[in-house]
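Proteins come first, then strands; the chains are lettered A, B, ... in the order of their sequence lines, and each starts at number 1.
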2 protein chains.
Amino acid sequence: MSDGPWLSKDELASWMRLVAVLELLPGVLDSQLRRDDGLMHFEYFVLAMLSEAPDRTLQMRDLAARTNATLPRLSHVVRRLEERGLVARTPCPQDRRATNASLTDTGWAAVRAAAPGHAATVREYVIDALSPEQVDQLKGISAAILSRLDPQGTMAPAYTRYDG
Amino acid sequence: MSDGPWLSKDELASWMRLVAVLELLPGVLDSQLRRDDGLMHFEYFVLAMLSEAPDRTLQMRDLAARTNATLPRLSHVVRRLEERGLVARTPCPQDRRATNASLTDTGWAAVRAAAPGHAATVREYVIDALSPEQVDQLKGISAAILSRLDPQGTMAPAYTRYDG
DNA sequence: AGAGATTGATTGACGCTACAAGCAATACGG
DNA sequence: CCGTATTGCTTGTAGCGTCAATCAATCTCT
């Protein structure tokens with residue numbers, strides 16, 4: 001039942017549900033962060049990646065890789081975050097073409113303030129909906145899909161950080 | 001290990017991978033449809049929902065529910081699809097406030113032309129990355145998450161269609 | 001039947017993302 | 001070395017999504 005491009009009925013039932021999750025979940029995450037912390041989910045993700053980096057600093061290029069952003073997109077986002085005082089950009093000493101983005105103290109405080117509410121949302125809509133076995137299955141399924149979506153492991157620094 | 005808002009290490013490992021999938025997968029779907037068929041994934045989804053409806057027609061309100069679109073967003077999208085000849089809008093006879101969106105023959109042909117390539121992409125990046133057991137687990141996991149994201153079953157017509 | 005509230009849909013303005021072009025610094029090849 | 005290509009990033013433009021405002025039609029209550 002897995003010949004040709006078409007999907008079997010069981011595969012379709014699985015896929016359609018995943019599509020619905022893809023449609024609904026980002027909106028829920030965005031709404032909560034936007035309402036409670038004035039951040040889009042992608043902005044929160046950028047700040048979170050910086051907060052976990054050495055010196056809370058990453059080169060734009062590396063930050064773009066971890067967040068799956070194009071460099072233009074990241075440039076716009078970081079400029080806006082800088083205008084709000086959450087991030088600072090400094091020229092990279094090693095390579096004068098490069099720019100380092102650093103989390104400011106204000107940005108660090110913003111991430112720490114936003115994290116509990118965000119985690120609670122993730123728990124409410126995802127983790128607490130699943131059994132412990134399903135949480136484990138989800139890790140395996142996501143990892144398998146990521147091996148196709150991200151074969152080079154470009155985003156791996158973002159998602160392998162909490163592995164045992 | 002599931003008290004308080006914080007996530008355990010295992011839960012985080014699972015969640016971070018799902019976040020990466022949420023970042024990467026929509027882009028892959030969009031790129032393929034855009035490149036091969038000149039459609040965004042959301043446009044394809046709208047056309048697909050219409051193609052499965054009786055008379056290939058749905059009231060804007062129902063179409064918005066199935067696709068998780070706000071009515072303004074759907075209005076813009078349908079206007080553009082209508083300008084391209086893929087969809088036709090007609091006043092609803094029963095309720096003169098309402099508008100029916102119908103798939104034209106051109107739109108029907110466009111969906112049918114796009115479907116195989118789209119299905120192949122889904123297979124390549126998702127289904128074929130998983131074992132049959134994982135495909136089944138994914139259905140259960142997605143259904144559990146949807147029970148939280150969509151407790152009213154607003155999108156259910158879209159994702160229960162292929163259930164045995 | 002009439003006033004007010006609700007529903008269904010459209011429109012316009014603004015913000016974010018993708019794409020293309022551009023500039024500066026570095027690496028490479030003769 | 002010098003010229004070219006490549007890398008890293010920024011800027012400008014166009015397109016899509018969101019929100020608020022708007023309008024028409026329907027429903028509700030008396």
Quick test of your reading of the model: are A/Glu23 and B/Arg66 salt-bridged, counting only N-O distances below 4.0 Å? no

Distance only, no hydrogens: is a donor on one side chain within 3.5 Å (strictly under) of an acceptor on the other, for B/Gln32 and B/Tyr125? no

Cut-off 3.5 Å, no hydrogens considered: what does the side-chain donor-acceptor table look like for residues 137-144 of chain A, sequence neighbours left out?
unit_1	atom_1	unit_2	atom_2	d
A/Ser142	OG	A/Leu138	O	2.9

Carboxylate-amine/guanidinium proximity below 4.0 Å for B/Glu52 and B/Arg161: yes

Pair A/Glu133-A/Ser131, side-chain donor/acceptor within less than 3.5 Å: yes

Rounding to a whole Å, what distance do you find between A/Leu81:CG and C/dC16:P? 10 Å

Nearest whole angstrom, please: distance from the C1' of C/dA9 to the CG of B/Leu63. 13 Å

For A/Arg80, check salt bridge (charged side-chain N to carboxylate O under 4.0 Å, His left out) against everything at least two apart and list the hits. none

Please enumerate all residues that pass salt bridge (charged side-chain N to carboxylate O under 4.0 Å, His left out) together with A/Arg89, with sequence neighbours excluded. A/Glu82

Check ring-ring contact (aromatic ring centres under 6.0 Å, His included) between A/His41 and all other residues, then give those that pass, not counting sequence neighbours. A/His118

Heavy atoms under 4.0 Å is the rule here; annotate nucleotides 4-17 of chain D 5' to 3' with B where the base is hit, S where only the sugar-phosphate is, and - elsewhere. ---BSBBBB---SS

If an axis is fit to five pairs at each end of the helix from C/dA1-D/dT30 to C/dG30-D/dC1, what is the angle between the two, to the nearest 10°? 20°

